[in-house]
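Only one structure is covered here, and it is reproduced in the block below.
All values reported here derive from a predicted model rather than from experimental measurement. Below, chain A is the first sequence line, B the second, and so on; all start at residue 1.
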Amino acid sequence: MAYWLVKSEPDECGIDDFAAKPDDTIPWDGVRNYQARNFLAKMAPGDEVFLYHSSCKQIGVAGVIRVVLAAYPDPLQFDPDSSYYDARSSPEKPRWQAVDMQFVEKFRGVVPLQTLKSQPELSELPLVRRGARLSVMPVSDSEWRHILSLAARQ
DNA sequence: GCCAACGTTGGC
DNA sequence: GCCAACGTTGGC
């Protein structure tokens, strides 16, 4: 089993959206960055994922979700009405992938970005590197445990 | 709202 | 294949 971190604006899809329907799966779609897509494609059912809230009041890791369905072609890339439409994509040659996620846990408090940045144990995490824009990234076992322990102190 | 950092595009 | 211009991300 592998660990990951994904970014989202909570206005779009945050931990509360998952918590509101814990038995449902929610498509993680709209990823339009090649490096992020390549990580998405490597996700397997059962993998656990930190959900990071960006561009909001409480920036940081808000909880845990889980991969339920491995990567499949993102339907939005074929939808001309979607802002995620990609004319260069076709069903025969899809360019973008999505996965399905499900709620696991909402932390009592968000683990703030500032806290994450202050941890020497997390210095390799792309999230805390300057100007990092990657929205899907792998998390090592030790980084996973460390962030979980920070969450437990919230 | 600002703006630095970054990824992508497209002319050459 | 280089690189300037452009658009976007995302913290502040």
Which part of the nucleic acid does A:Lys117 contact within heavy-atom distance under 4.0 Å: base, sugar-phosphate only, or nothing?
-> sugar-phosphate

Which whole-number value in Å describes the distance from A:Tyr34 OH to C:dT8 C1'?
-> 15 Å

Starting from C1' on C:dG11, measure out to CZ on A:Arg129 and report it in whole angstrom.
-> 18 Å

Between P of B:dG7 and CG of A:Asn38, the distance in whole Å = 13 Å

For the pair made of CZ in A:Phe39 and C1' in B:dG7, what is the distance, rounded to whole Å?
-> 15 Å

Whole angstrom is fine here: how far is it from CE in A:Met137 over to P in C:dT9?
-> 14 Å

When you look at NZ of A:Lys7, are more than 12 heavy atoms from neighbouring residues, nucleotides or ligands closer to it than 6.0 Å?
-> yes

Should A:Tyr72 and A:Trp96 be marked as a ring-ring contact (aromatic ring centres under 6.0 Å, His included) after you check the CA-CA gap, both sets of side-chain angles, and the distance that decides it?
-> CA-CA 8 Å; A:Tyr72 57 91; A:Trp96 305 110; over 10 Å; no

Could you tell me whether A:Phe78 atom CZ has more than 12 heavy atoms of other residues or ligands within 6.0 Å of it?
-> yes

Look at the side chain of A:Asp86 and the backbone N and O of A:Gln77, then say whether any donor-acceptor pair between them is shorter than 3.5 Å.
-> no

For C:dT9, does OP1 or OP2 lie under 4.0 Å from any side-chain N or O of A:Tyr52?
-> no

How long is the line joining CZ of A:Arg130 and C1' of C:dT9, in whole Å?
-> 15 Å

Do any side-chain nitrogens or oxygens of A:Arg88 fall under 4.0 Å of OP1 or OP2 in B:dT9?
-> yes

Contact class for A:Arg32 (heavy atom, under 4.0 Å): base, sugar-phosphate, or nothing?
-> nothing

Find the distance A:Asn33:CG to C:dG7:C1' and express it as a whole number of Å.
-> 14 Å

Between C:dG11, B:dA5, C:dG10, which nucleotide has the shortest distance from any of its atoms to the side chain of A:Lys7?
-> C:dG10

Within this structure, what is the CG-to-C1' distance between A:Leu134 and B:dA5, rounded to whole angstrom?
-> 14 Å

